[in-house]
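In what follows, a single structure is set out as structure tokens and then discussed.
Numbers here simply count residues along the sequence, with the first being 1.
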Amino acid sequence: NPTLIDASSFAVTNTATVAQADAIHGYNPVSATATYALLDTAAHFVAAIVAHDPALAKATSFGVVGLATVAQADLILGYNVVSSQTASYALADTASNLVTAVGVNNVALGNAVSLAATGTASVAQADAMHDYTSFWGLNLSYALADTAAHVAAAITGADPALGDATSFTITGVTKVAEADTIHAYNAISASASYALSDSAASLVAAIVAVDAALANATSYVVTGTATVAQAATILGYDAASANAIYALSDSAANLAGAS
């Protein structure tokens, strides 16, 4: 635009992306003195910083849209005084990276408005993240994945970190009592599925009691042995239990009658 040549100064209202700042800064010596409030993604900021983009030096503030990893936040905050004082973001990274950041009091945490773990987090990782976010009044979200023993113990212990879980994934095998505890915790944990592994007596008792937690079992393994009657009860419960694995132990008469 030829009219821009006659401009004695450039004032940028509202916000500018990195690409827009580059265009303004690179137009001519007058426009190169313009200042602006930058608003862009963490990826664009990081790329500009790594490339030593001169347009960034004229930013009066840095606003990060979307999510930032710990590494991205560290790079943005470390660029200059303006970025360290004005940048804020929703921090999203693996539970491992977030827990490590909490453990060393990484500066990236100080400007975060919320924390979200990508992938999954164990109970121990959730506890570490929750301790930090609850102290600073930040929102936390993560997908919980841990053993039934760890999850059930956390529920029994009224672990407040579980309230931030967006889903529950149970690794390994689960006893009936653990499944009951997990299933009853809240609406989210009630949708968790698990591989049941327990004594024939415990499984039969749950079936007879119409235990709601059994509906989420993906497989059944009987520990110890099962009588013919117990095996029949387990096999007849549902499609998952119909494929139950067990070792039969009963009287010769009962075994002969079942064959």
Side-chain angles (χ1 to χ4, degrees), residues 67 69-70 90-106 108-110 112-224 234 237 240-241:
L67 307 173
T69 65
V70 171
L91 204 58
D93 210 326
T94 65
S96 177
N97 287 344
L98 291 174
V99 169
T100 297
V102 169
V104 298
N105 197 26
N106 190 298
L109 298 174
V113 296
S114 64
L115 267 66
T118 57
T120 59
S122 66
V123 170
Q125 290 172 325
D127 286 342
M129 292 185 292
H130 181 82
D131 285 347
Y132 180 83
T133 56
S134 62
F135 182 83
W136 293 105
L138 303 178
N139 289 327
L140 169 66
S141 63
Y142 63 91
L144 186 67
D146 210 329
T147 64
H150 288 165
V151 175
I155 291 171
T156 301
D159 189 335
L162 299 184
D164 298 317
T166 57
S167 64
F168 285 66
T169 298
I170 309 303
T171 60
V173 295
T174 306
K175 295 179 180 178
V176 170
E178 293 169 333
D180 287 341
T181 299
I182 295 166
H183 188 79
Y185 175 64
N186 65 16
I188 296 172
S189 68
S191 65
S193 59
Y194 26 74
L196 279 180
S197 180
D198 211 330
S199 67
S202 294
L203 291 171
V204 168
I207 290 170
V208 171
V210 196
D211 188 334
L214 299 185
N216 289 17
T218 57
S219 62
Y220 285 67
V221 173
V222 179
T223 59
I234 294 168
Y237 176 64
S241 69

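- Looking only at distances, no side-chain donor or acceptor of Ser193 sits under 3.5 Å from a matching main-chain atom of Asn216.
- The minimum heavy-atom distance linking Gln125 with Val99 is given by the pair O-CG2, 3.7 Å.
- Remark: side-chain polar atoms of Thr174 are not paired, donor with acceptor, to backbone N or O of Leu196 under 3.5 angstrom.
- Side-chain atoms of Thr171 come within 3.5 Å of backbone atoms of Asp146 as a donor-acceptor pair (strictly under, hydrogens ignored).
- The two residues Ser241 and Tyr220 have their closest heavy-atom pair at CA-CD1, 3.4 Å.
- Ser134 OG to Asn139 CG: the interatomic distance, rounded to the nearest 0.5 Å, is 11.5 Å.
- Nearest heavy atoms, Ile182 versus Ile155: CA-CD1, 3.7 Å.
- Residue Ala149 comes nearest to Glu178 through the heavy atom pair CA-OE2, 3.5 Å, listed as atom of the first residue, atom of the second, then distance.
- Here the side chains of Tyr194 and His183 are in contact, with some heavy-atom distance below 4.5 Å.
- Between the CG atom of Asp127 and the CG atom of Leu162 there is a distance of 7.5 Å, given to the nearest 0.5 Å.
- More than 12 non-hydrogen atoms from other residues, nucleotides or ligands lie less than 6.0 angstrom from CG of Asn186.
- Here the CG-CG distance, from Leu109 to Leu138, works out to 9.0 Å after rounding to the nearest 0.5 Å.
- Side chain of Thr118 to backbone of Asp93: a donor-acceptor contact under 3.5 angstrom is found.
- Smallest separation of non-hydrogen atoms from Ala177 and Asp198: N-OD2, 4.5 Å.
- Side-chain contact between Ile234 and Val222: present, with at least one pair of heavy atoms (C-beta onward) separated by less than 4.5 Å.
- Donor-acceptor pairing under 3.5 Å is lacking for the side chains of Asn97 and Thr100.
- Using a distance-only test at 3.5 Å, with no hydrogens or angles considered, no donor-acceptor pair links the side chain of Ser114 to the main chain of Ala90.
- For the atom pair OH (Tyr132) and CG (Leu98), the distance works out to 11.0 Å, reported to the nearest 0.5 Å.
- Among all heavy-atom pairs drawn from Ala192 and Ile170, the shortest one is CB-CG1, 4.4 Å.
- With Thr120 contributing its side chain and Leu144 its backbone, the two residues share no donor-acceptor pair below 3.5 Å.
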